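Report on the following structure.
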Protein chains: 2
Amino acid sequence: MAEAPRYDDSLTIALLRAREAVTSQFRNHVAAGGLTLPQWRVIRALAGGTELDTTTLAHRCVILAPSLTRIIKHLEGRGLIEKVPARDKRQRVVRLTADGEAMFTEMWVVSKAKYAAIEDAFGTEEMRDLVATLNRLRAVLEDKS
Amino acid sequence: MAEAPRYDDSLTIALLRAREAVTSQFRNHVAAGGLTLPQWRVIRALAGGTELDTTTLAHRCVILAPSLTRIIKHLEGRGLIEKVPARDKRQRVVRLTADGEAMFTEMWVVSKAKYAAIEDAFGTEEMRDLVATLNRLRAVLEDKS
DNA sequence: CTTAATTACTTAACATGTGAATTAAATCAG
DNA sequence: CTGATTTAATTCACATGTTAAGTAATTAAG
């Protein structure tokens, strides 16, 4: 009979749960603005007049290309982002519209406060350490490949 | 003009990337067995003759109920899990079939080795600390609610 | 015992995750 | 300059994430 593996101690499960715990702190807020969390990540990445192509945007927001195609279409339809002509005509470069910047500015106030509250509850130094540890884990795994 | 927020230092992004880095170590392996990662989590949770209702299973595997409904239907159709009569007729209690146990046993060998390799590359103690930290983060956030 | 409230799960609708195949544009070899 | 290769996005097909609504069974209130 196969041993019944511990599961609560699993790194995979711990990461899933932690991610859910953190993102759920923001989900209601961005939903009140009619956005999903992936959509909000895109808005945030473009804030402040930043112009980005799809590949860079996908990487920064941790969204796969097919999903990003749909999200861009959606946000463009809502008038929150717009295309920018690019030298390389294969690329789709986008930026926030004035409405998009306004949406970001309005949401960012509360979003930043929520992030600060998490930092406050968990510990500023502990949080910085955790992010560093997570990035180191990623670096180690990417080297293995 | 809104300040352009740092993004690589974001806890949310770090968690997303770390989760992706870890799960991607297993995705190809379970895909070779015709399974997705959520499906594999279900199989694993039921390994060793464990019988579980949908709610408990959903919690342990970090899968939402509607997704689990579909996954159970899928795995049952493949003959890897089966229903168990329950006193409470609202509940759906399931367990692995003989085929399901065989599938788990076969996949678990490699899966366990891959997990050990991660532990080896990242550090046993560091990994235990990381899991503990992630669980503490979750506890802190759940208290805030 | 009967009905209201609760619980466990399912269904529905839409958004995203994921891998494979496609299309269009840029780059490269000859 | 031409054809082969590579690159950037998109499209397709299917699985899961997410919320809200719906159904059936249990429990609780009277």
Side-chain angles (χ1 to χ4, degrees), chain A residues 12 15-17 19-43 51-59 61-78 80-81 83-94, chain B residues 12 15-17 19-43 51-78 80 83-94:
Chain A
T12 309
L15 282 168
L16 279 169
R17 287 202 212 283
R19 180 185 102 70
E20 167 54 24
V22 172
T23 57
S24 69
Q25 303 286 317
F26 300 94
R27 189 174 290 123
N28 285 344
H29 172 54
V30 303
L35 296 175
T36 65
L37 287 169
Q39 288 167 5
W40 169 245
R41 291 206 298 279
V42 171
I43 301 278
E51 300 182 355
L52 290 175
D53 63 289
T54 299
T55 299
T56 307
L57 197 51
H59 182 255
C61 299
V62 195
I63 296 174
L64 293 177
S67 295
L68 190 51
T69 295
R70 292 178 294 228
I71 290 172
I72 287 175
K73 197 175 302 181
H74 184 103
L75 293 178
E76 200 178 359
R78 275 186 66 179
L80 297 174
I81 68 175
K83 288 176 206 149
V84 179
R87 294 161 203 73
D88 188 333
K89 287 181 180 174
R90 291 171 304 179
Q91 291 187 329
R92 176 177 299 282
V93 179
V94 294
Chain B
T12 310
L15 282 168
L16 279 168
R17 286 201 212 282
R19 180 185 104 68
E20 167 54 23
V22 172
T23 58
S24 68
Q25 302 287 315
F26 300 93
R27 188 173 293 122
N28 285 344
H29 172 54
V30 305
L35 296 175
T36 64
L37 287 169
Q39 289 167 4
W40 169 244
R41 292 205 298 279
V42 171
I43 301 276
E51 299 181 354
L52 290 175
D53 63 288
T54 299
T55 299
T56 307
L57 197 51
H59 182 255
R60 291 203 189 168
C61 299
V62 196
I63 296 173
L64 294 176
S67 294
L68 190 52
T69 294
R70 293 178 293 226
I71 290 172
I72 287 176
K73 196 176 302 180
H74 185 101
L75 294 178
E76 199 178 359
R78 276 187 65 179
L80 297 175
K83 288 176 205 149
V84 179
R87 294 160 201 73
D88 189 334
K89 287 180 181 175
R90 292 170 303 180
Q91 291 187 329
R92 176 176 300 279
V93 179
V94 294

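Lettering of chains follows the sequences in order, A, B, ..., and the numbering in each one begins at 1. Remember, predicted model here, so these are calculated numbers, not experimental data.
Applying the salt bridge (charged side-chain N to carboxylate O under 4.0 Å, His left out) rule to pairs touching residues 25-42 of chain A yields A:Glu20-A:Arg27, sequence neighbours excluded.
Distance OG1/B:Thr12 to CG/A:Leu37: 8.5 Å, rounded to 0.5 Å. The distance from atom CG of B:Leu75 to atom CD1 of B:Ile43, rounded to the nearest 0.5 Å, is 5.0 Å. With rounding to the nearest 0.5 Å, the separation of CD1 in A:Ile71 from OG1 in A:Thr36 is 6.0 Å.
From the 5' end on, the contacts that DNA chain C makes with chain B at under 4.0 Å to a non-hydrogen atom open and close at C:dT7 to C:dG19.
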### Query
side chain to side chain contact (heavy atoms under 4.5 Å, CB included) between B:Val93 and B:Asp88: does it pass, once the steps are laid out?
CA-CA 10 Å; B:Val93 179; B:Asp88 189 334; over 6 Å; no

Residues 55-67 of chain B, side-chain donor-acceptor partners within the protein, below 3.5 Å, at least two apart:
residue	atom	partner	partner atom	Å
B:Thr56	OG1	B:Asp53	OD1	2.7
B:Thr56	OG1	B:Asp53	OD2	3.4
B:Ser67	OG	B:Arg70	NH2	3.2

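For the side chain to side chain donor-acceptor pair (under 3.5 Å) test, no residue two or more places apart in sequence or in another chain qualifies with A:Arg78.
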Please list, for nucleotides 26-28 of chain D, all pairs of protein and nucleotide N/O atoms separated by less than 3.5 Å.
residue	atom	partner	partner atom	Å
D:dT26	OP1	B:Lys89	N	3.2

Sort me out a list of protein N/O and nucleotides 17-20 of chain D N/O pairs below 3.5 Å, or just none if empty.
residue	atom	partner	partner atom	Å
D:dG17	OP2	B:Ser67	OG	3.0
D:dG17	N7	B:Arg70	NH2	2.8
D:dG17	O6	B:Arg70	NH1	3.2
D:dT18	OP1	A:Arg27	NH2	2.8

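Across all their heavy atoms, A:Ile72 and A:Arg92 have their closest contact at CG2-CD, 4.1 Å. Of all non-hydrogen atoms in A:Gly34 and A:Gln39, the two that sit nearest each other are O-OE1, 4.0 Å.
Inter-residue side-chain proximity for B:Leu80 and B:Leu35 is flagged as met; some heavy-atom pair is nearer than 4.5 Å.
A:Leu52 has its CG atom 15 Å from the C1' atom of D:dA8, to the nearest Å.
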